[in-house]
Amino acid sequence: MKAQNEQRAGLLYGFGAYGMWGLVPLFWPLLMPAGAVEILAHRMTWSLAVVGLALLAVRRWGWIRELLRQPRKLVLTALAASVISVNWGLYIWSVNNGHVVESSLGYFINPLVSIAMGVLVLGERLRRAQWVAVGITFVAVLVLAIGYGRPPWISLTLACSFATYGLIKKKLNMGGLESLAAETAMLFLPALGYLLWLGAQGQSSFTSQGVGHALLLAATGLVTAIPLVFFGAAAIRVPLSTLGLLQYMAPVFQFGLGVLYFHEAMPPERWAGFSLVWAALALLTWDALRTARRSRARLVAAPVVAPAPAREPA
């Protein structure tokens, strides 16, 4: 009964995390007239404040000393911070400039880019269905490039930057809260310096657009941290395969908002490109579920080796 309750709670946390990530395009336009870079700087600054409070609550500080003693981990953390800054900044800009649908495509193809990166960087072997899924995605990108009249660079940059971020996090092997704290700590001074410079130039919307606007900019820390906390709670309670299926919620919500709420154009060639991506993801999901089922069946069918009887003393 306890295990069932834990799994049910994990599913709710997972729905909460991916639901918030999927609905976040509704939040960024509220921060205008702040530009994407100013919003990003506020997000970096206030995220550290929120994560710092979370660390204070759980009293988890020992990892800082350990991180400072490992130059390789420090370099990887700096790389992760740089890559996620590109991802965050471009996503905010794309939402506030009428590219919600194209940005959702980036998160649809992210799992496929991660697979391709695993082959190219880590030397992983793909199953036949995975190769087919990657091939279909390549065709989809070509179709979308023809439709847009250019490569879908927003989607590709978002997908590649987030896949690279995931690869670095895999190498880092740090807890979610700790790694976010380390990354935001590295971003804090440049972000704060930029905000102070904006203020000195008289171009800061934080001080010129009223208390409500300032509070919304401060809320970027909560918007960043709360879904990550929910995601961490879900990750320890539900199987990885379930979490992998839940991840499609965010781009589905983003796509729906782009088409139904922001009324972005979807000509036939874009529908064709998106349909190919969805077909590739369906194939990938089917293959992952089939592989997981076969692995479980092999474990169940494996003979149980009885321990050797202990020898009696002479």
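Worth knowing before you read on, the calculation uses all heavy atoms, side chains too, and leaves out hydrogens, waters and symmetry mates. This chain uses plain numbering: 1 for the first residue, then up along the sequence.
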Ring centers of W271, F255 separated by less than 6.0 Å: yes
Correct closest heavy-atom pair for L222 and P227 would be O-CD, 3.9 Å
Decide yes or no on side chain to side chain contact (heavy atoms under 4.5 Å, CB included) for R127 and D287, but give the supporting numbers first. CA-CA 9 Å; R127 296 182 294 275; D287 178 66; 2.8 Å; yes
Euclidean distance, L158 CG relative to N110 CG, rounded to 0.5 Å: 9.5 Å
Would you say the side-chain atoms of E264 pair up with the backbone N or O of G258, donor to acceptor, closer than 3.5 Å? no
Backbone N or O of E66 within a donor-acceptor pair of the Q70 side chain at under 3.5 Å? yes
Heavy-atom closest pair, residues L284 and A133: CD1-CB, 4.3 Å
May I have the step-by-step check of side chain to side chain contact (heavy atoms under 4.5 Å, CB included) for M44 and T184, ending in yes or no? CA-CA 6 Å; M44 293 169 179; T184 48; 5.7 Å; no
Side chain proximity check, Y91 to Q254, heavy atoms < 4.5 angstrom: yes
Stepwise ring-ring contact (aromatic ring centres under 6.0 Å, His included) check, F206 with H213: CA-CA 7 Å; F206 185 76; H213 181 74; 8.0 Å; no
Validation row: P25, F262 side chains within 4.5 angstrom (heavy atoms): yes
If hydrophobic clusters are built by linking Ile, Leu, Val, Met, Phe, Trp and Tyr wherever their side-chain heavy atoms come under 4.5 Å apart, do W278 and V143 end up in the same one? no
Working for side chain to side chain contact (heavy atoms under 4.5 Å, CB included), residues L12 and F230: CA-CA 9 Å; L12 290 174; F230 276 38; over 6 Å; no
W131 CH2: over 12 foreign heavy atoms closer than 6.0 Å: no
Does a side-chain heavy-atom distance below 4.5 Å link N96 with I39? yes
Residue list, side chain to side chain donor-acceptor pair (under 3.5 Å) with S161, at least two apart or on another chain: N87
W93 versus L40: any side-chain heavy-atom pair under 4.5 Å? no
Reported OG1-to-CG distance for the pair T157 and L90, which is rounded to 0.5 angstrom: 6.0 Å
Do the side chains of V134 and F138 get nearer than 4.5 Å, heavy atoms only? no
Are F274 and L156 connected, step by step, through hydrophobic side chains (Ile, Leu, Val, Met, Phe, Trp, Tyr) whose heavy atoms are closer than 4.5 Å? yes
Indicate whether the side chain of S205 and that of E38 have a donor and an acceptor atom separated by less than 3.5 Å. yes
Under a 4.5 Å cut-off applied to non-hydrogen side-chain atoms, are V100 and S94 in contact? no
Work out which heavy atom in A191 is nearest to a heavy atom in T45; give both atom names and the distance. CB-OG1, 3.6 Å
Contacts satisfying side-chain hydrogen bond (donor to acceptor under 3.5 Å, both in side chains) that involve residues 187-201 (not counting sequence neighbours) are none
Flag if over 12 foreign heavy atoms under 6.0 Å of OH, Y13: no
Check for me whether the distance between the ring centres of F253 and Y18 falls short of 6.0 Å. no
Test of understanding: clusters of I, L, V, M, F, W, Y form through side-chain heavy atoms closer than 4.5 Å, transitively. Do L74 and Y165 belong to the same one? yes
Quick one: does R270's side chain have a donor or acceptor within less than 3.5 Å of a partner on A265's backbone? yes
Please round to the nearest 0.5 Å and tell me the distance separating atom CG of L76 and atom NZ of K171. 8.5 Å
E178 and R65 ion-paired at < 4.0 Å: no
Given L55 and W63, is the side chain to side chain contact (heavy atoms under 4.5 Å, CB included) satisfied, shown in steps? CA-CA 11 Å; L55 287 171; W63 59 272; 3.8 Å; yes
Once you round to the nearest 0.5 Å, how far does CG of L105 lie from NE2 of H99? 13.5 Å
Give a yes or no on whether V277 and I146 share a hydrophobic cluster (residues Ile, Leu, Val, Met, Phe, Trp, Tyr; joining criterion: side-chain heavy atoms under 4.5 Å apart). no
Check this for me: W88, atom CH2, are more than 12 non-hydrogen atoms of other residues, nucleotides or ligands nearer than 6.0 Å? yes
Taking all heavy atoms of V113 and all of A159, pick out the closest pair and write down the distance. CG2-CB, 3.8 Å
What distance do L167 atom CG and C160 atom SG have between them, rounded to the nearest 0.5 Å? 12.0 Å
Would you say the side chain of V24 lies within less than 4.5 Å of the side chain of W21, judging by non-hydrogen atoms? no
M32 CE to I92 CD1 distance, which is reported to the nearest 0.5 Å: 12.5 Å
Just by modelled atom types, is the L180 backbone N or O under 3.5 Å from a matching donor or acceptor in the E183 side chain? no
Side-chain (S155) to main-chain (E102) donor-acceptor, under 3.5 angstrom: yes
Write down the atom of S85, the atom of L187, and the distance for their closest heavy-atom approach. OG-CD2, 3.2 Å
For P111 and L281, the nearest pair of non-hydrogen atoms, with its separation, is CG-CD2, 4.4 Å
With a 4.5 Å cut-off on side-chain heavy atoms, are L31 and T220 touching? yes
Say whether L196 and W46 are linked into one hydrophobic cluster, either directly or through other cluster members, by side-chain heavy-atom distances under 4.5 angstrom. no
Taking CZ in R59 as the centre, count heavy atoms belonging to other residues, nucleotides or ligands within less than 6.0 Å. Is the count above 12? no
